[in-house]
Amino acid sequence: MEQLPKSYNSNTETEIYSLWFKSGLTDPDKMGEYLKEKEYEVKKPFTITLPPPNANANLHLGHVCGYSFHDVMGRYMRMKGHPVLLLPGKDHAGIQTESVFTKHLEMEGKTKEDLGREKFYEEIYKFCMKNAENAREQEKRIGLSADFSREFFTLDPKLTKIVYETFYSMFEEGLIYRDKRIINQCPSCMTALADIDTEHELKRGIFAYIKYPLVDNPDEYITVATTRPETMLGDTAVAVHPKDKRYSKYVGKKVLLPIADREIPVIADEEVDMELGTGAVKVTPAHSPVDFELGQRHNLEIINVINEKGLMEGDIPERFKGMKTVECSKALVKELDEQGLLERIENTEHEVTVCERCRSNIEPIISNQWYLNVKSLAEEALKELKKGNVKVYPEGQQKALIHFYENIQPWCISRQLWWGQRIPVWYSGGKKLYDWLLENKGRAVQDFEKETETKVNGTGELHLGEDKPESINGEIWEKEEDVFDTWFSSGQWPFTTLGGPDGADFKKYYPTQMMIHARDIVFWWSARMIMMGLYRTGQVPFRDIFVTGMILADDGSKMSKSKGNSVEPKEIFERYGADALRLWYYSDALPGSNAPLREEKIKGNRNFVNKIWNASRFIIMNINESEIPKISKEEIKKTEKIVETEKHIVKVSRYIEKYQFNLGAESIREFFWHQVCDIWIEEIKREIQGQEIGSQIRVERLAELLYILKLNLKIMHPFVPFVTESVWQELVSLNLASSLLMEQQI
RNA sequence: GGGCGAUUAGCUCAGCUGGCUAGAGCGUCACAUUGACAUUGUGAAGGUCACAGGUUCAAUUCCUGUAUCGCCCACCA
């Protein structure tokens with residue numbers, strides 16, 4: 001019999017992948033035809049739209065491993081008679097990609113303005129396409145049996161069209177609107193961010209106690225404590241608790257805001273914490289979310305003193321203009337001290353809000369942005385969750401999702417970027433006019449002209465659409481510059497990729513069955529997909545959300561390039577092969593948990609992969625070429641071994657169907673290694689020892705063993721597709737099996 | 001401040017609706033082995049299942065509380 005290599009060579013994995021790819025059976029339409037042809041029952045399609053990785057970098061281990069969950073489900077369902085659609089894609093990742101690419105430009109000494117909006121978009125598109133190609137190779141490398149003929153990029157015009165339709169419809173229903181509110185401005189990314197795009201970090205700072213003298217009696221003063229003295233230039237009140245006896249006599253009076261020399265009122269509000277600081281708080285509606293709310297309640301004036309770049313500006317003393325906030329803070333403290341108005345200063349640690357992408361400090365500023373009121377959408381989503389129409393694994397994450405929906409706030413969906421889907425809106429007479437009219441309800445275009453001393457050409461109306469509307473009365477149309485938050489479009493991923501609610505694929509493959517992704521994007525992504533899916537299609541986009549575990553460095557810390565503890569997928573593939581990595585991940589990365597990457601464990605799994613190869617090799621090598629016809633014709637009796645194997649298959653199937661991949665992986669390992677190899681093969685080895693080639697006992701035993709091997713290959717295939725397919729192909733070459741293992745039915 | 005989760009062998013973790021001597025991988029130790037597999041086999045050591053109560057015929061498993069750790073959310077100056 002032919003000589004097979006003594007050990008499994010994982011370098012052949014790419015060849016195996018191309019066999020699957022060529023078969024075309026990753027296309028569910030073709031798989032359906034195949035099943036019909038072979039007269040199998042064609043079950044209902046099984047669809048997963050895969051999470052599109054950011055097209056601005058290579059995939060990391062987490063991405064790659066994540067796909068092994070999609071793939072185990074896909075392969076299993078395919079072998080169970082379902083046309084399977086694993087729909088891949090790549091994400092344009094607005095902020096992050098723009099920031100990465102801008103840095104590239106910087107290194108060349110260029111800015112995005114140098115290129116101009118159009119050219120910039122073109123270049124960054126190319127950049128993403130190149131990365132997408134790398135990413136695609138890595139997806140294939142892990143064995144992902146996705147339908148790459150249906151792959152989508154989130155900025156594909158076909159997809160954008162559907163996203164725009166959603167926008168129009170939401171706008172017309174009043175769910176989307178423009179509003180002037182306090183927003184999270186990242187001065188480095190130069191865009192507004194939604195709350196969820198920010199994080200909190202404990203940073204060192206100061207706590208300054210500043211005296212605000214009373215207007216009536218400059219000898220008396222109220223001391224306020226603040227971590228951000230520079231915002232005092234925009235103070236429009238001092239607030240105290242209504243029951244605070246220390247200050248009740250001052251409520252309704254005025255204090256003189258130092259430096260700015262402005263009179264501001266002392267107000268009473270329940271929200272003020274008497275215990276904190278001095279119990280009196282300065283109110284800066286323009287630069288603090290809390291103060292903004294407070295300002296709204298008390299109708300306070302809003303004075304902007306910080307711009308979108310994080311620099312001081314506005315109606316402030318000349319000497320502070322253009323300063324960074326920190327510089328201004330220092331300068332102010334110094335002046336206050338000189339004037340005897342600084343009571344004391346403490347060093348402290350406090351939580352600051354930072355940009356999730358670049359970790360710069362967020363500046364809360366007032367700005368006009370597009371909002372989506374998600375409240376009603378969240379309520380619908382909650383109903384579905386509570387009805388059990390969407391389930392999250394692990395269950396703890398389900399509770400977190402419910403909590404998220406119950407406390408949801410309007411979602412800021414506009415970003416001041418160039419990289420993304422431009423919001424399809426035109427303003428008659430300009431954007432400024434529209435915003436002004438919005439703020440000054442009941443006033444007219446003429447009032448705007450008078451107030452701003454400009455002449456406008458337009459009505460202040462909006463036009464929805466990508467193309468510039470016709471100017472009937474000679475009005476000027478200004479195009480919206482902002483783009484959508486990336487999640488506004490990726491939130492529609494399960495149906496945009498299927499051609500939208502009218503698409504042919506949509507009718508066949510929606511709603512999808514599963515959503516599988518990492519824990520960190522449950523709120524960003526799944527939560528949005530459920531809401532948007534319900535809105536556009538009236539159905540939840542998927543039944544189950546499976547939250548994958550996170551891969552950590554071997555010491556249990558987060559992997560990051562800057563720490564130098566990250567491991568490249570390529571290294572693992574080269575050293576151990578994709579199957580070994582997959583098997584490790586199935587066993588160790590339970591839903592919602594963390595999995596420290598231990599090479600010894602991957603090595604252990606590699607050993608098992610090799611064991612599969614070797615046991616198969618042993619069986620194949622024991623079959624004499626002359627025995628092949630007899631063995632293939634031999635009728636297989638339901639022996640004890642076969643009955644037990646069938647039971648094992650049922651058991652593993654159940655584990656897969658319940659998403660208990662760790663138990664599935666453990667079972668196939670235990671059964672194949674310690675039952676099939678250690679016991680049965682040893683047994684049969686003894687039985688056929690010394691028997692004549694072609695004798696009945698040999699044929700019978702080897703046929704049984706071969707049959708058992710095939711059953712095992714099938715049930716192991718979803719977990720370790722490469723080695724099982726390699727073996728299968730060896731069988732095919734000897735006429736002991738046919739076609740691909742991937743298409744076999746269990 | 002609110003929510004979620006964890007605490008089981010040296011290490012990393014399983015143990016899903018409570019039930020015999022609590023499991024796996026890796027590691028350790030002993031023995032075997034040129035064996036299809038130096039990527040092998042056989043066997044062993046090693047756990048009062050965080051702690052305290054409760055429910056139960058029976059709890060690692062359910063409930064309550066405590067401690068420690070982790071994650072997420074939140075506008076506290």
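Order of the sequence lines sets the chain letters (A, B, ...), proteins ahead of strands, with each chain counted from 1.
- Going from atom CH2 of A:Trp673 over to atom C1' of B:rA36 covers 14 Å, rounded to whole Å.
- Closest contact between the side chain of A:Asn607 and the listed nucleotides B:rU40, B:rA38, B:rC13 involves B:rU40.
- One can place CZ of A:Phe618 at 5 Å from C1' of B:rA36, the figure rounded to the nearest angstrom.
- Taking 4.5 Å as the limit, every side-chain heavy atom of A:Asn184 sits out of range of all side-chain heavy atoms of A:Asp197.
- Straight-line distance between the C1' atoms of B:rG15 and B:rG1: roughly 36 Å, to the nearest whole Å.
- Evaluation of the side chain to side chain contact (heavy atoms under 4.5 Å, CB included) rule for A:Ala527 yields A:Leu401, A:Phe404, A:Tyr405 as partners, not counting sequence neighbours.
- Contacts classified as ring pair (Phe, Tyr, Trp, His ring centres under 6.0 Å) and involving residues 596-615 of chain A (residues at least two apart or in different chains) are given here: A:Tyr8-A:Trp613, A:Phe608-A:Trp673.
- Nucleotides B:rG70 and B:rU28 have their C1' atoms positioned 30 Å apart, rounded to a whole Å.
- Between A:Glu627 and A:Arg701 there is no salt bridge, since no side-chain nitrogen of the basic residue lies less than 4.0 Å from a carboxylate oxygen of the acidic one.
- Taking the side chain to side chain donor-acceptor pair (under 3.5 Å) definition, one finds that A:Trp728 meets it with nothing, sequence neighbours left out.
- At B:rC37, none of the side-chain N or O atoms of A:Lys611 fall inside 4.0 Å of OP1 or OP2 (strictly under the cut-off).
- Nearest heavy-atom pair, A:Val390 versus A:Ile530, reported as atom, atom and distance to 0.1 Å: CG1-CD1, 4.0 Å.
- Under the rule for a side chain to side chain donor-acceptor pair (under 3.5 Å), the partners of A:Gln729 that lie at least two apart in sequence or sit in another chain are A:Glu725.
- Annotation: B:rC62 and B:rA24 have their P atoms spaced 23 Å apart (nearest Å).
- To the nearest whole angstrom, the two P atoms, one in B:rC20 and one in B:rU39, are 39 Å apart.
- When the salt bridge (charged side-chain N to carboxylate O under 4.0 Å, His left out) test is applied to A:Glu363, the partners found at least two apart in sequence or on another chain are A:Arg228.
- Here the CD atom belonging to A:Glu657 is positioned 3.5 Å from the OH atom belonging to A:Tyr76, to the nearest 0.5 angstrom.
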I'd like to compare against my own output: the B/S/- annotation of nucleotides 69-77 of chain B with a strict under-4.0 Å heavy-atom distance to protein. ---S-BBBB
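- Listed by chain and number, the residues in a side chain to side chain contact (heavy atoms under 4.5 Å, CB included) with A:Ser248 amount to none (sequence neighbours excluded).
- Distance CH2 (A:Trp613) to P (B:rA36): 17 Å, rounded to an integer number of Å.
- As a whole-Å value, the separation of A:Leu401 CG from B:rC4 P is 14 Å.
- Classification of the A:Phe671-A:Trp680 ring pair by plane angle, with boundaries at 30° and 60°, yields perpendicular.
- Atom P of nucleotide B:rA14 and atom CG of A:Asn605 are separated by 16 Å, given to the nearest angstrom.
- In this structure, A:Asp678 reaches the sugar-phosphate backbone alone: every heavy-atom distance under 4.0 Å involves primed, P, OP1 or OP2 atoms, never a base.
- Shown are A:Tyr655, A:Tyr393, A:Phe546; of these, the ring-ring contact (aromatic ring centres under 6.0 Å, His included) with A:Phe661 is made only by A:Phe546.
- When the C1' atom is compared between B:rG46 and B:rG10, the two are found 8 Å apart, to the nearest whole Å.
- When each of A:Arg598 and A:Gln397 is assigned the nucleotide of RNA chain B with its nearest heavy atom, A:Gln397 is the one assigned upstream, toward the 5' end.
- Only the P atoms considered, B:rA50 is 7 Å distant from B:rU7, to the nearest whole Å.
- With sequence neighbours excluded, the residues that form a salt bridge (charged side-chain N to carboxylate O under 4.0 Å, His left out) with A:Arg181 are A:Glu293.
- Spacing between atom CD of A:Glu730 and atom P of B:rA36 amounts to 19 Å, rounded to whole angstrom units.
- Atom P of B:rU60 sits at a distance of 15 Å from the matching atom of B:rU8, rounded to the whole Å.
- Salt-bridge check for A:Arg575 with A:Glu599: passed, with a basic side-chain N closer than 4.0 Å to an acidic carboxylate O.
- Of all the heavy atoms in A:Asn662 and A:Ser587, the pair that sits closest is CB-O, 3.7 Å.
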For nucleotides 29-32 of chain B, which of its nitrogen or oxygen atoms have a protein nitrogen or oxygen under 3.5 Å away, and what is each distance?
none

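- Rounded to an integer number of Å, the gap from NZ of A:Lys399 to P of B:rG2 is 17 Å.
- Stem analysis of RNA chain B (Watson-Crick or G-U pairs, both distances under 3.5 Å, runs of at least three) returns B:1-7 with B:67-73, B:10-13 with B:23-26, B:28-32 with B:40-44, B:50-54 with B:62-66.
- The CD atom of A:Glu406 sits 11 Å away from the P atom of B:rC4 (whole-angstrom rounding).
- Nearest-nucleotide positions on RNA chain B place A:Pro596 closer to the 5' end than the other of A:Lys6 and A:Pro596.
- In the set B:rG41, B:rC11, B:rC37, B:rC37 carries the atom at the smallest distance from any side-chain atom of A:Asn610.
- Only the C1' atoms considered, B:rA9 is 11 Å distant from B:rC13, to the nearest whole Å.
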Report all interatomic pairs (protein N or O, nucleotide N or O of nucleotides 21-24 of chain B) with separations under 3.5 Å.
none

Pairs under 3.5 angstrom, nitrogen or oxygen only, protein versus nucleotides 15-17 of chain B, please.
unit_1	atom_1	unit_2	atom_2	d
B:rC16	O2	A:Lys658	NZ	3.1
B:rC16	O2	A:Gln660	OE1	3.3
B:rC16	O2	A:Gln660	NE2	3.0

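- Ionic pairing of A:Glu600 and A:Lys603 is not present here: no N-O contact between side-chain nitrogen and carboxylate oxygen is shorter than 4.0 angstrom.
- Just one of A:Ile619, A:Leu709, A:Asn712, A:Leu711 meets the side chain to side chain contact (heavy atoms under 4.5 Å, CB included) condition when paired with A:Val676; it is A:Asn712.
- Remark: the A:Thr348 side chain and the A:Glu346 side chain contain no N/O donor-acceptor pair separated by less than 3.5 Å.
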